[in-house]
Amino acid sequence: MSKELEKALETWANSRKEGHEQFIQLFEQWGKNFDKQIQEIEKLNNQFLKDVQGNLDYINKWFAKKENEFAKLFRIFG
């Protein structure tokens with residue numbers, strides 16, 4: 001009986017070890033995939049910010065120009 005119990009415990013321990021190793025492999029793969037996705041999101045975010053910044057510069061210049069034009073109008077007609 002003790003040999004059967006010992007064998008059953010050994011089988012159970014090996015099974016747990018295999019499950020643990022499989023879990024660690026899956027977790028490591030998930031981490032790698034997650035890091036890749038974060039890098040892609042950061043890349044897209046940086047490009048978006050560059051595009052928006054370029055547009056903001058244009059918009060700011062446009063409003064500054066219009067502000068100057070209105071200031072001239074108020075000086076002339078005000």
Side-chain angles (χ1 to χ4, degrees):
M1 179 99 141
S2 69
K3 288 220 182 233
E4 290 176 9
L5 180 58
E6 185 178 324
K7 184 137 182 119
L9 287 173
E10 189 177 306
T11 301
W12 179 77
N14 288 339
S15 172
R16 283 194 58 131
K17 182 180 175 186
E18 288 174 14
H20 180 74
E21 289 173 355
Q22 183 181 17
F23 172 77
I24 289 190
Q25 288 174 351
L26 289 172
F27 187 76
E28 288 175 349
Q29 186 61 45
W30 172 83
K32 290 175 187 175
N33 292 342
F34 186 76
D35 288 342
K36 286 179 187 176
Q37 289 179 345
I38 291 295
Q39 290 172 357
E40 284 296 315
I41 290 170
E42 287 175 348
K43 182 180 172 184
L44 291 171
N45 189 39
N46 289 337
Q47 185 60 48
F48 172 76
L49 291 175
K50 283 181 187 177
D51 293 345
V52 168
Q53 185 60 43
N55 289 338
L56 287 177
D57 289 342
Y58 169 76
I59 291 168
N60 287 335
K61 289 176 185 175
W62 185 84
F63 277 112
K65 181 180 175 183
K66 294 301 172 190
E67 189 176 332
N68 288 335
E69 290 174 0
F70 280 116
K72 287 180 186 177
L73 286 173
F74 285 125
R75 279 194 305 262
I76 293 171
F77 296 108

In this structure, would L26 and W30 fall into the same cluster of hydrophobic residues linked by side-chain contacts under 4.5 Å? no
Treat each ILVMFWY residue as a node, draw an edge where side-chain heavy atoms are under 4.5 Å apart, and state whether F63 and L56 are in one component. no
Residue set satisfying salt bridge (Lys or Arg N to Asp or Glu O under 4.0 Å) with E69, at least two apart, ordered chain then number -> K66
Ignoring hydrogens and geometry beyond distance, is a side-chain donor-acceptor pair present between [X] and [Y] at under 3.5 Å?
{"X": "N33", "Y": "Q37", "value": "no"}
{"X": "Q39", "Y": "D35", "value": "no"}
{"X": "D51", "Y": "Q47", "value": "yes"}

Side chain to side chain donor-acceptor pair (under 3.5 Å) between E18 and N14, intermediate numbers included: CA-CA 6 Å; E18 288 174 14; N14 288 339; over 6 Å; no
Rounded at 0.5 Å granularity, tell me how far [atom1] in [X] sits from [atom2] in [Y].
{"X": "K32", "Y": "F27", "atom1": "NZ", "atom2": "CZ", "value": "12.5 Å"}
{"X": "T11", "Y": "E6", "atom1": "OG1", "atom2": "CD", "value": "10.5 Å"}
{"X": "W62", "Y": "N55", "atom1": "CH2", "atom2": "CG", "value": "14.0 Å"}
{"X": "L44", "Y": "E40", "atom1": "CG", "atom2": "CD", "value": "6.0 Å"}

